[in-house]
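What follows is a set of notes on a single structure, which appears directly below.
We name chains A, B, ... by the order of the sequence lines, and we start the count at 1 in each one.
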Amino acid sequence: MDDETFLHLTPDDKTRLQAKAERLTQPRGTVILRCGAHNDDLYLIRDGYVRVDLPGKDRGITVARLGPGQVFGEMSFLTRRPADANVVADEDVKVDLIRGTVLKPLLESDAPFSSRFFQSLAVCMTERLHRMNLAHSGGLTKDLAALSRIPLDRAGQLTDQQVPPELVSGVAKFKHSLQEVRDDFGRSSDAQTTAQERVSSACDDLKDILDHFVSDEALIELSYADPSSFRTNEQLAVGVGSYVFRETFSLFMASDTMARCYQKPRGGYVEDPETLQRIYDNDPYGDAPLGKYLDRWFLSRPICQARRHGHEWMKSRLQQAITGAGQSGPVRITTLGCAGADILFEALKRASVPVYATCIDFDAAAFGIARDIALSRSCPDSVSFVQADVVEMAQGKGRVALGPQRLIYGLTLADYVKDKEAQQVLDWCAERLEPGGSLAMVNLAAPHPDQAFMKHILEWEIRPRTEDELRNLFAGSRLGNHGLVVEEDRASRVFLAQCKV
Amino acid sequence: MDLLAASAPATPELQARQEFRVKNARDLAPFRLRGDPLAQAVVEAFTKRRQDKGPKLFEEALNRTVSQVPDAPVELRSLFAQVESLPDWLEQEQLEFGAETYRRFGIKGGLVLACNALPLIYGSPSMSQPLLATEKLLNLATQRLTETGRFVAQSCLPRGLLPYQEGWKFTVKVRIRHASARLRLAPSRLKGWNQAWGIPLSQVDMAHVLLLFSVGHLDSLRRVGYHVSVDEGRAAMHMWRYTGYLLGIEPELLCDTEEQGRALLDLIRSTDGPPDSYSRKLTEKLMTEAIPATILEADPEDQRWLQRWRRYSCTHFSYGLSYALIGARRAAQLAYPPNWWRFAARSVFWVLVAPIEASRRVSPKIHKCVVASSTRRIQDWLDKHR
């Protein structure tokens with residue numbers, strides 16, 4: 001009996017309780033405690049994991065995951081109200097069932113034991129409440145939404161003297177080039193054959209101009225153009241980016257992918273499963289006449305290539321993790337973020353050993369999408385979707401019980417968290433990997449050629465890293481550098497990192 | 001408002017700082033890491049406001065006094081509280097006498113300043129790099145020289161440095177501009193920045209410039225024939241000490257006598273790096289474009305060949321004069337082209353200056369005429385270069 005749950009019970013108390021317990025084994029998927037059911041019993045997990053699922057429209061969204069030594073059913077036991085969540089065996093699980101009909105007489109007949117018992121439950125529930133409060137005090141990963149929006153005012157960062165004539169003419173040239181392509185559609189029948197090349201070339205030139213004018217050198221020159229303008233380099237950069245944004249917005253928003261990246265329909269996060277799927281599909285689409293061409297240009301950019309490359313690489317890591325288990329399952333795998341859920345479903349379908357998969361994300365809407373993908377691939381119950389903020393968990397603000405993992409992976413998380421938080425996540429992962437297990441991570445490489453365009457035109461902010469910075473991240477964490485292998489794809493400017501413990 | 005009465009008595013701590021003398025590199029080192037917190041706070045406060053508000057508030061405060069600007073942020077009020085209050089060591093008569101001494105040197109004095117102080121400033125890599133953070137900033141050489149000229153000229157006009165006079169306003173503007181530049185010129189943004197130089201536009205850099213404009217300039221003026229008496233030298237140093245106070249230079253780095261100034265200047269120069277490629281580019285632009293554009297009064301009706309010849313002559317004379325003032329070693333480091341003016345420029349200057357100096361010293365009337373004439377010329381130059 002775990003000390004964490006029954007802190008104030010003496011060893012004798014625990015022995016007495018154990019003697020009264022019924023040992024149950026529940027196979028994976030069993031609903032051990034049903035929402036709405038009247039419950040007088042306590043359940044203590046001895047082995048394996050259960051998930052606590054909220055009912056209603058958030059079907060199948062897990063709000064907690066409990067493991068060995070933890071108790072459930074205590075709330076309905078104490079309040080005598082029906083259970084307000086389903087508790088489902090997420091793996092084959094062994095529980096000690098302590099029936100109310102057995103426990104209550106024990107409590108009534110032994111006041112000191114009763115006092116210790118209720119004190120233990122009170123402490124356990126207080127701890128849970130404390131963790132919930134911490135979790136709601138300001139989620140860091142949730143603040144990623146804020147990262148995806150420029151925090152400074154768009155307007156009022158550049159004075160008239162500071163707008164560079166070369167920027168103005170460059171943007172005008174871009175608009176003129178696209179207008180010419182549009183006009184040629186009407187005039188010439190072969191216009192479509194050259195349209196993509198012309199559109200891509202114009203977009204590349206515009207991107208280069210933007211990159212140049214948000215560089216440090218150019219910003220210093222801008223600042224000298226009007227010494228009485230009290231603006232930092234960051235503000236001036238936003239001023240430049242905003243100028244290009246205003247002048248080109250209507251053109252770029254004809255591209256389906258770029259419009260979605262800008263719009264961020266899922267609560268402010270760019271890389272929701274649907275957006276990523278469009279990038280993986282690489283099937284250009286947009287509003288006529290130029291939307292498709294602009295979309296194709298964007299889908300060919302390093303950022304999209306990086307996502308596709310990372311996706312394929314992660315598939316192979318996942319496959320290795322599952323087949324590497326041989327015949328000795330089960331294999332536990334966790335994805336940090338729903339971005340990695342679709343490859344998990346594919347891998348699960350082909351797995352010949354039991355796989356206990358967990359997907360941790362704070363975005364309930366993303367879960368809904370991921371769950372639909374799971375349904376469409378006929379594997380709806382193979383993955384546990386746990387709603388939690390990974391960074392908060394890594395900081396001890398929330399708790400998700402996970403067994404030793406063969407593989408933990410993140411397709412996009414590293415591109416959004418600061419170094420300190422990233423190291424906390426690495427430490428958290430290190431504690432949850434089984435011997436020989438791995439963490440696999442994708443991180444965009446710095447300097448990233450699309451960073452300025454993404455930030456200023458799509459309001460999509462990323463944190464790419466150099467190889468040294470990435471290695472230092474691992475070196476400073478409990479994972480260390482020894483088992484770390486970093487591959488770089490130079491074309492798409494992405495690092496693919498796998499660290500084995 | 002009687003600002004002349006607003007002298008702040010020095011606290012014991014301030015007194016101690018004023019009396020402290022920086023004697024060695026270790027004493028100097030902390031000042032390389034310090035900027036100007038009062039002015040920096042103003043600039044940072046302005047970055048948080050709408051783009052047009054900051055400059056507007058600042059101009060209003062300069063022109064109407066800060067007490068009449070209700071929206072002035074607390075940071076601006078703190079800065080103005082300092083620059084409005086006269087330090088207790090300031091002697092008004094000395095200030096005026098120092099200004100008059102500098103006026104006397106006139107436009108020729110300005111050429112000496114440009115040929116001595118500026119190449120030595122550009123020759124300091126910790127100062128040349130922020131000035132030339134990008135190649136395009138070379139094009140600002142003429143504008144920078146004109147502004148330097150205006151700064152010195154307005155400071156030495158009668159009562160120019162008293163609160164809310166033109167020289168005072170210009171100096172406070174320069175201070176804010178330095179703070180604004182510090183905001184943008186983080187060392188990480190400057191290629192080749194050496195951490196040993198501290199931060200761009202540090203207290204040491206500002207003191208270095210002030211000393212070159214004060215004791216450095218006085219010494220070079222003497223070398224080209226000007227007579228600067230002990231009293232005049234002391235008054236000039238007093239004027240520059242007050243200018244340094246307005247610019248936010250810390251009391252430990254402000255000197256009241258030429259001897260103190262020379263010692264500190266030598267110390268700073270001994271801890272400085274040698275000129276680099278930025279230094280050479282800046283100096284070349286100064287000599288070939290900025291000085292001719294600023295000194296020569298171009299007549300558009302002149303023939304083009306005449307204009308070119310005048311610029312060419314001015315450039316070579318300036319190189320020669322500068323060579324004589326900064327010395328052969330520094331001139332070689334700054335890649336001065338060889339020309340025969342280096343042997344003759346100083347003598348030519350002497351010939352132009354010495355007779356007037358000799359007459360002025362024996363006749364108070366001539367002295368007065370010289371001062372009045374120089375003052376008029378400076379005023380005319382200022383009017384032309386607004």
Can you list every donor-acceptor pair under 3.5 Å that links chain B to chain A?
residue	atom	partner	partner atom	Å
Phe46(B)	O	Arg231(A)	NH1	3.3
Thr47(B)	O	Arg231(A)	NH1	3.2
Thr47(B)	O	Gln235(A)	NE2	2.6
Arg49(B)	O	Arg231(A)	NH1	3.4
Arg49(B)	O	Arg231(A)	NH2	2.6
Pro130(B)	O	Tyr224(A)	OH	3.3
Thr134(B)	OG1	Glu221(A)	OE2	2.5
Arg184(B)	O	Asn233(A)	ND2	3.3
Arg184(B)	NE	Ser223(A)	OG	2.9
Arg184(B)	NH1	Ser229(A)	O	3.4
Arg184(B)	NH1	Arg231(A)	O	3.1
Arg189(B)	NE	Asp216(A)	OD1	3.0
Arg189(B)	NH2	Glu234(A)	OE2	2.9
Lys191(B)	NZ	Glu217(A)	OE2	2.5

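- When the salt bridge (charged side-chain N to carboxylate O under 4.0 Å, His left out) test is applied to Arg77(B), no partner is found at least two apart in sequence or on another chain.
- When each of Ala181(B), Pro55(B), Ala179(B) is scored by its heavy-atom pairs under 4.5 Å with chain A, the top score falls to Pro55(B).
- Ring orientation note: the planes of Phe46(B) and Phe230(A) are tilted relative to one another, at an angle of 30° to 60°.
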